[in-house]
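Here's the structure, in structure tokens; my notes come after.
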Protein chains: 2
Amino acid sequence: MKNQDDHLNHAIIEFYEKLSSWEMAVVKDNGFSLPQVHIVEILGLNGPMRMKELAGKIGVTTGTLTVQIDKMVKAGLVLRRAHETDRRSILVELTDPGQVMFEEHDKLHMQLTTDLTVQFSEAERAQMLDFFNRINKEF
Amino acid sequence: MKNQDDHLNHAIIEFYEKLSSWEMAVVKDNGFSLPQVHIVEILGLNGPMRMKELAGKIGVTTGTLTVQIDKMVKAGLVLRRAHETDRRSILVELTDPGQVMFEEHDKLHMQLTTDLTVQFSEAERAQMLDFFNRINKEF
DNA sequence: CCATATAGTTCGTTAATCAAAGTAATAATC
DNA sequence: GATTATTACTTTGATTAACGAACTATATGG
């Protein structure tokens, strides 16, 4: 006894699962770990942010994040910078190589997005964007 | 110099990140591990499937999956069943408690979907569903 | 048949994670 | 403005997840 909303819900979950699986496959080929690519992705999209905020976004404790950021600093992908007003806080930001990595990864996403919406009209793509924007705002 | 398609791409990634973060938060509260909930979710949506296929969907090796399924069998969430025609293969399926767990988790997703689209008209929700269906088909 | 490929398991090792304890800075209370 | 509580981050020890390679069993194709 499935209604329209169940279908929408399951379509969203299916999309999420497929994207998740795609992401893992893509990451496996590029030498970096999934959490690290995840961090690069978030910093690339949102800009520098505090450890706490970043940990929240990827869903790990700050302890876990500290270890990951240590590795990424060593690998030259990110750097730690002092927070201007709150000296307890630290801002994590992409280095130039980190930014390059983000852009390359983003290109793959862009290609996927293009492929998935290849049969969409301009108007449909615009509407899809509007839907996502409204949903993200609500999230 | 961002165009429309870049925005759509980034809106999709943002949605994915938020959903991913939401999923982690939800899972953390219910006592089971993320991979296990993930498996329940996939089996609930797609029905019984072979180890190989399931491993592909969640993006791990079959070796990793064997260990997880062992735990889940012990926990009473899934069971192993012989494949009818291929005796090398094994079908993994949800037990009744596993199905219950799926349905409860699915309810949370449903609530989220409802919340996120609360300002959508009926027609917009229908169109959104159509978009996701077409994208998932292409994926 | 025999060789090769495929599905799943086992096992040793590495990576990721958490929780708890520790440090330092800020905010709140009195 | 001194004290207490809270917040941000790090460190550490233990647990869990993951990979890859070796192994068993079945299937497939000369």
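Not counting sequence neighbours, the partners of B/Arg81 by the salt bridge (Lys or Arg N to Asp or Glu O under 4.0 Å) test are B/Glu84, B/Glu93. Residues passing the salt bridge (Lys or Arg N to Asp or Glu O under 4.0 Å) test with B/Arg50: none are found, sequence neighbours excluded. For A/Gln119, the side-chain contact (heavy atoms from CB on, under 4.5 Å) partners two or more places apart in sequence, or in a different chain, are B/Glu138. Among residues two or more places apart in sequence or in another chain, the salt bridge (Lys or Arg N to Asp or Glu O under 4.0 Å) test is passed with A/Lys57 by none.
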Under 3.5 Å donor-acceptor pairs involving side-chain atoms of residues 68-78 of chain B, not counting sequence neighbours:
unit_1, atom_1, unit_2, atom_2, d
B/Asp70, OD1, B/Arg80, NH1, 3.0
B/Asp70, OD1, B/Arg80, NH2, 3.0

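Under a 3.5 Å cut-off, the side chain of B/Lys28 and the backbone N or O of A/Gly59 do form a donor-acceptor pair. A donor-acceptor distance shorter than 3.5 angstrom exists from the side chain of B/Thr114 to the backbone of B/Met110, with no hydrogens or angles considered. Between the side chain of B/Thr66 and the main chain of B/Thr62, a donor-acceptor pair closer than 3.5 Å is present.
The two residues B/Ser20 and A/His38 come nearest to each other via the heavy atoms OG-CE1, 4.2 Å. Between B/Leu108 and B/Trp22, the shortest heavy-atom distance links the atoms O-CZ2, 3.6 Å.
Using a 4.0 Å cutoff on non-hydrogen atoms, no part of residues 39-46 of chain A comes near DNA chain C. Applying a 4.0 Å cut-off to non-hydrogen atoms, the residues of residues 58-71 of chain B that approach DNA chain C are B/Thr62, B/Gly63, B/Thr66, B/Asp70, listed by residue number.
Ring geometry for B/Phe131 against A/Phe131 counts as tilted: the plane angle lies between 30° and 60°, on a 0 to 90° scale.
Sorted by first and then second residue, the salt bridge (charged side-chain N to carboxylate O under 4.0 Å, His left out) pairs involving residues 112-123 of chain B (not counting sequence neighbours) are B/Glu122-B/Arg125. Applying the salt bridge (charged side-chain N to carboxylate O under 4.0 Å, His left out) rule to pairs touching residues 103-114 of chain B yields nothing, sequence neighbours excluded.
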Check against side chain to side chain contact (heavy atoms under 4.5 Å, CB included), B/His109 and B/Glu23
CA-CA 9 Å; B/His109 268 288; B/Glu23 183 87 1; 3.0 Å; yes

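Protein atom NE2 of A/His83 is 11 Å distant from nucleotide atom C1' of D/dA8, rounded to whole Å. Straight-line distance from the CD1 atom of B/Ile90 to the C1' atom of D/dT24: 12 Å, rounded to whole Å.
Around the NZ atom of B/Lys18, the shell of radius 6.0 Å holds more than 12 heavy atoms that belong to other residues, nucleotides or ligands.
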Please write out each protein N/O paired with an N/O of nucleotides 27-30 of chain D under 3.5 Å, distance rounded to 0.1 Å.
unit_1, atom_1, unit_2, atom_2, d
D/dA27, OP1, B/Arg87, N, 2.9
D/dA27, O4', B/Arg88, NE, 3.4

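Here the range on DNA chain C touched by chain B, meaning any atom under 4.0 Å from one of its heavy atoms, is C/dT6 to C/dC18.
Using five terminal pairs a side, the axes of the helix from C/dC1-D/dG30 to C/dC30-D/dG1 at its two ends make an angle of 40°, given in steps of 10 degrees.
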